[in-house]
*Asks:* 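Below is one structure. I have some questions about it.
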Amino acid sequence: MRPLVRVTGKVAVLDRADVDTDQIVPKEFLKRIERSGYGEFLFFEWMKDPNFELRRPEYEGAQILIAGRNFGCGSSREHAAWALEDRGFRAILAPSYSDIFRTNAVKTGLAPIELSEEALAELKAAVAGENTLTVDLETLEVAHPGGLHVPFDLDPYARETLLHGLDDVARTLAREERIAAFEAAHAARFDTRSAPAPA
Amino acid sequence: MGTTLFEKIWSAHVVDERPGEPALLYVDLHLVHEVTSPQAFESLRLSGRKVRRPDLTIATMDHNVPTEPGPIRDPLARQQLEALRRNCEDFGVPLNATGSGREGIVHVMGPELGLTQPGMTIVCGDSHTSTRGAFGALAFGIGTTEVEHVLATQTLVQARPKTMLVRFDGELPFGVTAKDMVLGAIGQVGVAGGAGHAIEYAGPAIEALSMEGRMTICNMSIEAGARAGMVAPDETTFEYVRGRPFAPAEIPDAWRGLRSDPDASFDRVVAVDVAALAPQVTWGTNPGMVAPVDGVVPDPADAGDPAERKAIERALAYMDLRPGTPIAEIRVDRVFIGSCTNSRLEDLRAAAAVVDGRRVAPGVRALVVPGSATVKRQAEAEGLDRLFREAGFEWREAGCSMCLGMNPDILGPGERCASTSNRNFEGRQGPGGRTHLVSPPMAAAAAITGRLADVRELA
Ligand code: SF4
């Protein structure tokens, strides 16, 4: 996955609460076995509406999404994060995320930044003027050229993952000895490969 | 101070913990299905990694299998099911394929095989994995990159969630089910009320529930925003597990200690009075938009804040409903009885008891989809299939079906459905489709009357 140190770019504002992953990528597109190419299905149904916020010409090519609370709720489909990333988004700014979406976003190289409603209101007002923001994972700050600086917190492990584009599997495999030691003291309850007769 | 059930299971599975980092948590059972696994297997292949513990992994086909017999016509669905078959072969993962007699919705199949046991950690690339928390297990959904992580390492990097106790007090009134308990709780805490928490459900109304009922409640934890929901195991649990194919010969003593200590403290406590509950019906486009069947469609003008008002307006426009309309007068075109929330034998029996001797209303299309091949066999042995068919229902093969409409079972644009599933998001059951979440008896009542009728008046 691509490292993400900072992104400067256009911002799209999607002012809706509880946007679920069924809206971000509808199930019709989950039958593909590839990981890429989901961008064209992003908000597939909502995109059909000419008044849908993300169709505004001024949001064309946006790399930062400002969203409402509980963004990405519902299904665990990582396709939702893939679609946003494939469409060109690198960071999301929202008051809160669903737990699974937040994890999936980090693993996709998409920074899920949590900000207060007040901070977001300031940022929205700022980008309504000059539409550009910088999200910096090194300084942990969102900045607007007008002089607005908003600090944020990010869990250090997620930050490492994003900054260096780390592969979590490789990181954990480096701790293989620990896993083996745990397994030695933790007996398995069954072997799923022994196929019993149907109950 | 005492510890909670969650903390007991969590600490028994921490492989490694470094300061300032999430824990490395061991996974006792990993369930795999066709939709969220192909990219994970492909990535293993590309990096030359193998599945660490195929003996703790099991796959099934559920999300996009057709529920009518015959070949799969959708080429993409076929390709995805074939990919799962090939991946399972290549990596040595056992697969309960369609036609094996053990296939079914992953969250129905696991418990009925005895694979879901107290004290385990269980994950699956599906958010309703929380269903298995009903057995006193820590079970939660994960994304595809995490699926790959578990396949390769049998562990997960997990931040420890906070704990939340949802206590159901009182006795369940006539006509009110586990589904109404959980919808009522979601209505109370909201769709993000459990975010960042692992929920424990407790109280007399939980203790009185069957395992099926407890599974229905734990299933919908994610609809309250919580990744995991659980119930302390008791005799009801042990009775259910005993004798199942993968169950131990004897109930281990350790299982009896799996409960929160009386002096354990939770980060958040919520109480729900079930005696005051009526059957619940969702009217909007998320599961927190719910009302009692004897209530009315709400007025956005009464909303607490502007964001909420906008959300209600949008939901009512999508659902084509007007404020003040009595819920029980809303007419439906379709009825779906199924999904990992409500497709077990007990659910089908409860719906059948309402249907018995009645007929599906003219103009309504009603579908019953058992949760697994095993449920289907058991229901047929009791004659439930005949009862449903004679009343005018369609009786199908096991699968997720119209819960998410990845297979041919979908709503048409504008069609309104009473559904026993768990999500009423826009387009969930088909683009433009309108979903009202209800219990199995309420769905049966809707089929018979053609509206979201109060099942208590049909008895
Ligand atoms: S029945 Fe519905 S919610 Fe359950 S696993 Fe299948 S698609 Fe997901």
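The sequence lines fix the lettering, A, B, ..., with proteins before strands; numbering per chain opens at 1. Basis for what follows: all heavy atoms, side chains included, without hydrogens, waters or symmetry-related copies.
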*Asks:* Could you name the residues of residues 149-178 of chain A that have a heavy atom within less than 4.5 Å of a heavy atom in chain B?
*Replies:* Pro156(A), Tyr157(A), Asp167(A), Asp168(A), Val169(A), Ala170(A), Thr172(A), Leu173(A), Arg175(A), Glu176(A), Arg178(A)
*Asks:* Side-chain contact, heavy-atom cut-off 4.5 Å: Arg52(B) with Glu183(A)?
*Replies:*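 Side chain of Arg52(B) against side chain of Glu183(A), heavy atoms only: contact under 4.5 Å found.
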*Asks:* Could you give the distance from NE2 (His197(B)) to CG (Asp99(A)), rounded to the nearest 0.5 Å?
*Replies:* 9.5 Å
*Asks:* So Tyr26(B) and Phe182(A), would you call those rings parallel, tilted or perpendicular, with 30° and 60° as cut-offs?
*Replies:*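 Tyr26(B) vs Phe182(A) ring planes: tilted.
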*Asks:* Once you round to the nearest 0.5 Å, how far does OG of Ser76(A) lie from CD of Glu146(B)?
*Replies:*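 Taking OG in Ser76(A) and CD in Glu146(B), the distance rounds to 9.0 Å.
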*Asks:* Which bit of Ala187(A) comes within less than 4.5 Å of chain B, counting heavy atoms only: side chain, backbone, both or neither?
*Replies:* neither
*Asks:* So which part of Pro54(B) gets closer than 4.5 Å to some heavy atom of chain A, the side chain, the backbone, both or neither?
*Replies:*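 When you check distances to chain A, atoms from both the backbone and side chain of Pro54(B) fall under 4.5 Å.
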*Asks:* Should the heavy atoms of other residues, nucleotides or ligands under 6.0 Å from NZ of Lys124(A) be counted, would the total exceed 12?
*Replies:* yes
*Asks:* Decide whether Thr145(B) and Arg35(A) meet the rule of one side-chain donor and one side-chain acceptor closer than 3.5 Å.
*Replies:* yes
*Asks:* Most heavy-atom pairs under 4.5 angstrom with chain A, which of Thr36(B), Leu81(B), Asp126(B)?
*Replies:*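 The candidate making the most pairs under 4.5 Å is Asp126(B).
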*Asks:* Phe190(A) pairs by side chain to side chain contact (heavy atoms under 4.5 Å, CB included) with which of Leu113(B), Leu29(B), Ile58(B), Asp55(B)?
*Replies:*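 Result for side chain to side chain contact (heavy atoms under 4.5 Å, CB included) with Phe190(A): Leu29(B).
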*Asks:* Heavy-atom cut-off 4.5 Å, strictly under: side chain, backbone, both or neither for Thr103(A) against chain B?
*Replies:*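 Contact with chain B involves the side chain of Thr103(A) alone.
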*Asks:* Whether the side chain of Lys27(A) engages the backbone of Gly427(B) through a donor-acceptor N/O pair (distance < 3.5 Å, no angle test) should be reported.
*Replies:* yes
*Asks:* Ile100(A) versus Arg227(B): any side-chain heavy-atom pair under 4.5 Å?
*Replies:* yes
*Asks:* Heavy-atom count around Glu60(A) CD within 6.0 Å, excluding the residue itself: above 12?
*Replies:*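 No, because the 6.0 Å sphere around CD of Glu60(A) holds 12 heavy atoms or fewer from other groups.
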